[in-house]
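FYI, side chains are in, hydrogens and waters are out, and symmetry mates aren't considered; it's all heavy atoms of this structure.
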Amino acid sequence: MSTKDHAENGNSIHQRPVFKRALFAQCWEDPRMDLAGLDPEPGHVVVSVTSGGCNTLSLATREPERIYAVDLNPVQSWLLALKIAGIRSLEHGEYLELLGVRPSRRRPELYARSRDALDPAAADYWDARSADLLAGVLNVGHYERYLAAFRGLLRLIHGRRRIERLVGISSLEEQRRFYDEEWNSRLWRAFFRVFFSRTVLGMGGLDPAFFTYVKEIGSFGDHFRERARHVLVDLPVTDNYFVAQICLGRYVNERYVPPYLLAENYPRLRRAVSRIQIVTDEMGSFLKSLPADSVDRFNFSNIFEWVPEAGFREMLQEAFRVSRPGGRLCYRNLLVRRQLPASLQPSLQVDRALSERLLSEDRSFVYSHFEVVRVRKPGPEGG
């Protein structure tokens with residue numbers, strides 16, 4: 001996202017109040033999609049949007065040569081810096097305590113042990129936020145607080161027992177029956193329509209500037225409710241930690257967590273985090289700073305729907321320039337459909353079958369489109 005794009009928009013997103021705090025403490029994007037779509041390997045160089053840091057760290061479990069974690073919000077950079085500092089300084093169980101996966105009364109002590117691994121700016125930020133550290137940093141993002149409000153109202157509608165029954169269902173047949181007979185009430189539909197409306201979501205969860213380019217969506221609430229229905233009816237809820245986090249505010253157990261939190265991945269992650277370079281910059285500007293043929297994989301999250309069409313094309317052109325032959329990129333669409341411009345094909349080619357399969361398996365209920373794009377340029381292809 002270039003400065004020029006912001007100026008043309010007249011509504012510079014990076015100057016909005018939400019970028020003075022952690023917008024996301026977690027990633028609400030299914031990392032299985034990124035891992036399967038990008039398939040990073042040792043020796044690869046990866047560019048990844050930082051956001052809550054979870055998916056960047058999950059990509060790191062594949063031990064690529066280098067990961068550039070890029071975000072225009074410095075707070076997201078400091079959040080990832082804290083997560084990396086904890087990995088360097090703590091044992092796995094202690095790390096889960098620090099983040100808030102496990103209950104703990106010693107988070108200040110665990111932070112103190114991790115602090116020396118932070119750069120001065122990140123240390124200053126977290127030193128001033130003892131309450132966030134006490135709460136467990138996975139819970140303190142702007143969006144996570146919005147979901148906590150959703151969760152409180154959901155308990156009034158369905159009650160704690162019904163919610164716990166939902167996350168404990170073990171078969172799709174039972175899920176569908178439960179959804180149709182007990183969950184999909186008139187009150188649930190009305191509540192979802194209001195809580196995830198453009199107005200309420202803009203006030204509490206995101207920022208109205210994020211909706212600048214939304215044109216095709218009528219009711220945000222109905223749109224998101226249909227996505228939620230797919231997750232609750234068509235996909236198993238047993239291992240869906242997104243549903244558990246939204247409905248219960250916690251992981252059901254430590255087997256069903258993002259890849260970077262799994263005990264078996266922790267040794268690889270410890271080896272890999274030294275290869276993560278945190279960059280606080282606009283993605284478009286950062287890509288322009290890279291030499292040609294220097295990157296293998298790009299995780300763009302959903303940043304393309306925050307920029308005008310011209311900015312989208314410009315970033316794809318830069319990605320093609322800096323990509324090595326055989327490179328791959330992936331991106332999501334939340335509310336704004338960004339399709340690969342015809343002018344960039346066949347140099348950039350959507351893997352339609354893989355994209356559609358991964359979207360159909362998406363355990364996060366919010367995204368409506370997912371694209372895996374393969375880079376076709378001369379030279380020996382590495383994947």
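By the salt bridge (Lys or Arg N to Asp or Glu O under 4.0 Å) test, Asp234 is found to be paired with no residue, residues two or more places apart in sequence or in another chain being considered. Residues passing the salt bridge (Lys or Arg N to Asp or Glu O under 4.0 Å) test with Glu371, sequence neighbours excluded: Arg337, Arg352.
Side-chain contact between Ser301 and Glu29: present, with at least one pair of heavy atoms (C-beta onward) separated by less than 4.5 Å. Residues Leu99 and Lys83 have side chains in contact (heavy-atom distance under 4.5 Å, counting atoms from C-beta outward). At least one side-chain heavy atom of Tyr251 sits less than 4.5 Å from a side-chain heavy atom of Val101. Phe312 places none of its side-chain heavy atoms less than 4.5 Å from the side chain of Glu305. For the pair Gln245/Trp28, a side-chain contact is recorded, criterion being any heavy-atom separation below 4.5 Å from C-beta on. Counting only heavy atoms from C-beta outward, the side chains of Arg363 and Met33 never approach each other to under 4.5 Å. Annotation: side chain of Phe370 is in contact with side chain of Asp34 (closest heavy-atom distance under 4.5 Å). The shortest distance between side-chain heavy atoms of Leu57 and Val273 falls below 4.5 Å.
Ile163 and Tyr256 fall into different hydrophobic clusters, where Ile, Leu, Val, Met, Phe, Trp and Tyr residues are linked whenever their side-chain heavy atoms come under 4.5 Å apart, directly or through other members. Hydrophobic clustering (ILVMFWY, side-chain heavy atoms < 4.5 Å, transitive): Leu38 and Leu358 are in distinct clusters. The hydrophobic cluster containing Leu59 also contains Leu80, counting ILVMFWY residues as joined when their side-chain heavy atoms lie under 4.5 angstrom apart, directly or transitively. The hydrophobic clustering, which links ILVMFWY residues whose side-chain heavy atoms are closer than 4.5 Å, places Leu153 and Leu147 together.
The ring-ring contact (aromatic ring centres under 6.0 Å, His included) analysis of residues 273-298, with sequence neighbours excluded, yields the pairs Tyr68-Phe286, Phe298-Phe300.
Shown here is Glu264, whose CD atom has more than 12 heavy atoms of other residues, nucleotides or ligands within 6.0 Å. Open room surrounds CZ on Arg66; 12 or fewer heavy atoms of other groups in view lie less than 6.0 Å from it.
In summary, Arg165 and Glu182 engage in a salt bridge, as defined by a charged side-chain N under 4.0 Å from a carboxylate O. Classification of Asp239 and Arg32 as a salt-bridged pair holds, one side-chain N sitting under 4.0 Å from a carboxylate O. Look at Asp39 and Arg62 and you find a salt bridge, because one of the NZ, NE, NH1 or NH2 atoms lies within 4.0 Å of a carboxylate O, short of that distance. Salt bridge present: Glu318 and Arg321 bring a charged side-chain N and a carboxylate O closer than 4.0 Å. Salt bridge status for Glu314 with Lys288: present, with a side-chain N to carboxylate O gap under 4.0 Å. Remark: Arg324 does not engage Asp293 in a salt bridge, criterion side-chain N to carboxylate O under 4.0 Å.
Atoms CG and CG, from Leu340 and Leu329 in turn, are 8.0 Å apart once rounded to the nearest 0.5 Å.
Remark: aromatic rings of Phe195 and Phe150 are close, center separation under 6.0 Å. Residues Tyr266 and Tyr260 keep their aromatic ring centres 6.0 Å or farther apart.
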Check your understanding: Going through the checks in order, is the side chain to side chain contact (heavy atoms under 4.5 Å, CB included) test met by Asp71 and Thr280?
Key -> CA-CA 5 Å; Asp71 205 294; Thr280 303; over 6 Å; no
Review point. For Trp183 and Trp188, what are the C-alpha separation, side-chain angles and deciding distance, and is it a ring-ring contact (aromatic ring centres under 6.0 Å, His included)?
Key: CA-CA 7 Å; Trp183 193 269; Trp188 157 256; 5.5 Å; yes
Practice item. Apply the test side chain to side chain contact (heavy atoms under 4.5 Å, CB included) to residues Arg225 and Phe196: give CA-CA distance (whole Å), side-chain angles for both, the deciding distance (0.1 Å), then the verdict. Key: CA-CA 9 Å; Arg225 184 169 56 81; Phe196 286 99; over 6 Å; no
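Side chain to side chain, Asp30 and Tyr367 fail the donor-acceptor criterion of an N or O pair below 3.5 Å.
Stacking of Arg129 on the aromatic ring of Tyr125 is recorded, both the 6.0 Å distance cut-off and the 45° axial limit being met.
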